[in-house]
Number of protein chains: 2
Amino acid sequence: MDNKPVPDIVVGRLPIYLRALTFLKTEHREITSSQELGDRLGISSAQIRKDLSHFGEFGKQGTGYDIRHLEANLKQILHVDRMWDVVLIGAGDLGHALANYRGFAGRGFHIAAVFDKSGDKIGREIVEGLVVEDVVTLSERVKQVGWKMAIIAVPAEEAQPVANTLMEAGVKALLNYAPISLMVPSGIRVEHIDPAVHLQHLTYYLG
Amino acid sequence: MDNKPVPDIVVGRLPIYLRALTFLKTEHREITSSQELGDRLGISSAQIRKDLSHFGEFGKQGTGYDIRHLEANLKQILHVDRMWDVVLIGAGDLGHALANYRGFAGRGFHIAAVFDKSGDKIGREIVEGLVVEDVVTLSERVKQVGWKMAIIAVPAEEAQPVANTLMEAGVKALLNYAPISLMVPSGIRVEHIDPAVHLQHLTYYLG
DNA sequence: CTTTCTTTGTGCAAACTTTGACAAAGGTCG
DNA sequence: CGACCTTTGTCAAAGTTTGCACAAAGAAAG
């Protein structure tokens, strides 16, 4: 709880804690402890306490943490105590799965628009109330509406150009599903999801 | 290059290096350097050299790295100089996208079978040559065929039971897309992919 | 009310990870 | 062929992250 920036590795664990708390709520639990959370997540209890201590004091000695209270605080810290509009680029199989994913709404995100470059996808209603738009209008629309987050679900060769368009139009955070490392200037944040990368990490240990 | 285990954080970067090398090949490049790779990946050149030094000497001073040679070595280190059969559980939108994903084959993976519990999906051909099987036969089939890797693409509440079935049947590595932290015994490896977790990591910085 | 038990938040030490710097090796060019 | 340039692999230092251990706070039980 000082004024130095919180380490990114700590920030990255907060959504995991938040997810675990929301899960505990579905079990109608009201109180938990760093010990219980750690056991569930495979993390030491000391680490959880230390991570949380960067942001304040949320627990009660002898008792633990009030689940709703800690959940509310984590949502605020992560700025998901509001809804974020996210623009999705790519209406292929993956884009389809993301547009239909029911898990975003409860966690702070709303797919606000979908873009693709393929003529036979543009104009189609990918999901109730969401019509695929032409990617040539992407820049204009992003500037107009002011979206700050985007999910890139296009083929590898188009990912960097799409990212450039988005950044130029004011998007500040990217979630990239294309199997390529995006190059971005400082000030823009990117997260990468590539199933083959994860699988290859696993095969290392399969001897 | 000693006999201590290589840090997991280093192992986790190798698939990124491999992906970058494969990409350079598409640009018909033959030689690269730790400097160039680092610039592309946003990693320091020293770190790349250090990471690779855990496994041997792959470069040539004054020149850099032969792309094909380093790529072949990384594939061997990661055990993707062979094809891995992967079993996929869940034939919803996400399962569909994964079963149709063209990116696995070139990187060492083949979706060998798909399982679901829903009557209206079982028996359907999800992709050319891949018919959705009934999840009640999962354990039996895994034991029979000896699959070692699985991708879990089922709803959160079914992920842990499915994981338990898989592990009991001999699967050693899991890639979990369900929004829940799986509890697994030591000896089993899991990687988690949850888009909302990544998006929440990003929103922290969007103030 | 006192003892005992639980659990937090934190100071410190240990463990781990990244970076800087440079000798050695090899290439290039006049 | 000699001077100069490039780039590796590695050592040591710096920086970061984790875990231990414990005082303090609170709950529970008698």
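So that the names make sense, note that chain A is the first sequence line, chain B the second, and so on, each numbered from 1.
The CD atom of A/E57 sits 11 Å away from the P atom of D/dG26 (whole-angstrom rounding). Note: CG (B/L70) to C1' (D/dG9) measures 14 Å, nearest angstrom. To the nearest angstrom, C1' of C/dT10 lies 11 Å from NE2 of A/H54. Atom C1' of nucleotide C/dT10 and atom CD1 of A/I48 are separated by 16 Å, given to the nearest angstrom. Whole-Å rounding puts the A/D51 CG to C/dT8 C1' distance at 14 Å. Here the P atom of nucleotide D/dT18 and the CG atom of B/D8 are 13 Å apart, to the nearest Å. Taking atom CG of B/N73 as the reference point, atom P of D/dT8 lies 15 Å away to the nearest angstrom. Rounded to whole angstrom, the span from the CD1 atom of B/I67 across to the P atom of D/dT7 amounts to 13 Å.
Donor-acceptor pairing under 3.5 Å is lacking for the side chains of A/H198 and A/D194. A side-chain donor-acceptor contact under 3.5 Å links A/N164 and A/Q160. No hydrogens or angles considered: nothing links the side chains of B/R40 and A/S181 as a donor-acceptor pair under 3.5 Å. For the residue pair A/Y205/B/D8, the side-chain donor-acceptor check at 3.5 Å is satisfied.
Looking at heavy-atom distances under 4.0 Å, A/S45 makes no contact with the nucleic acid at all. Within the nucleic acid shown, A/L52 has no heavy atom closer than 4.0 Å to any nucleic acid atom.
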Quiz item: In B/S/- notation, 5' to 3', how is nucleotides 19-30 of chain C contacted by protein heavy atoms closer than 4.0 Å?
Solution: B-B--BBSS---

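Residues A/I111 and A/F104 have side chains in contact (heavy-atom distance under 4.5 Å, counting atoms from C-beta outward). Taking 4.5 Å as the limit, some side-chain heavy atom of B/V197 sits within range of a side-chain heavy atom of A/R19.
Evaluation of the salt bridge (Lys or Arg N to Asp or Glu O under 4.0 Å) test over residues 78-104 of chain B, restricted to residues two or more places apart or in two chains, returns none.
At least one side-chain nitrogen or oxygen of B/Y65 sits closer than 4.0 Å to the OP1 or OP2 atom of D/dG9.
The side chain of B/P7 lies closest to C/dT17 when the candidates are C/dT7, C/dT17, D/dT18.
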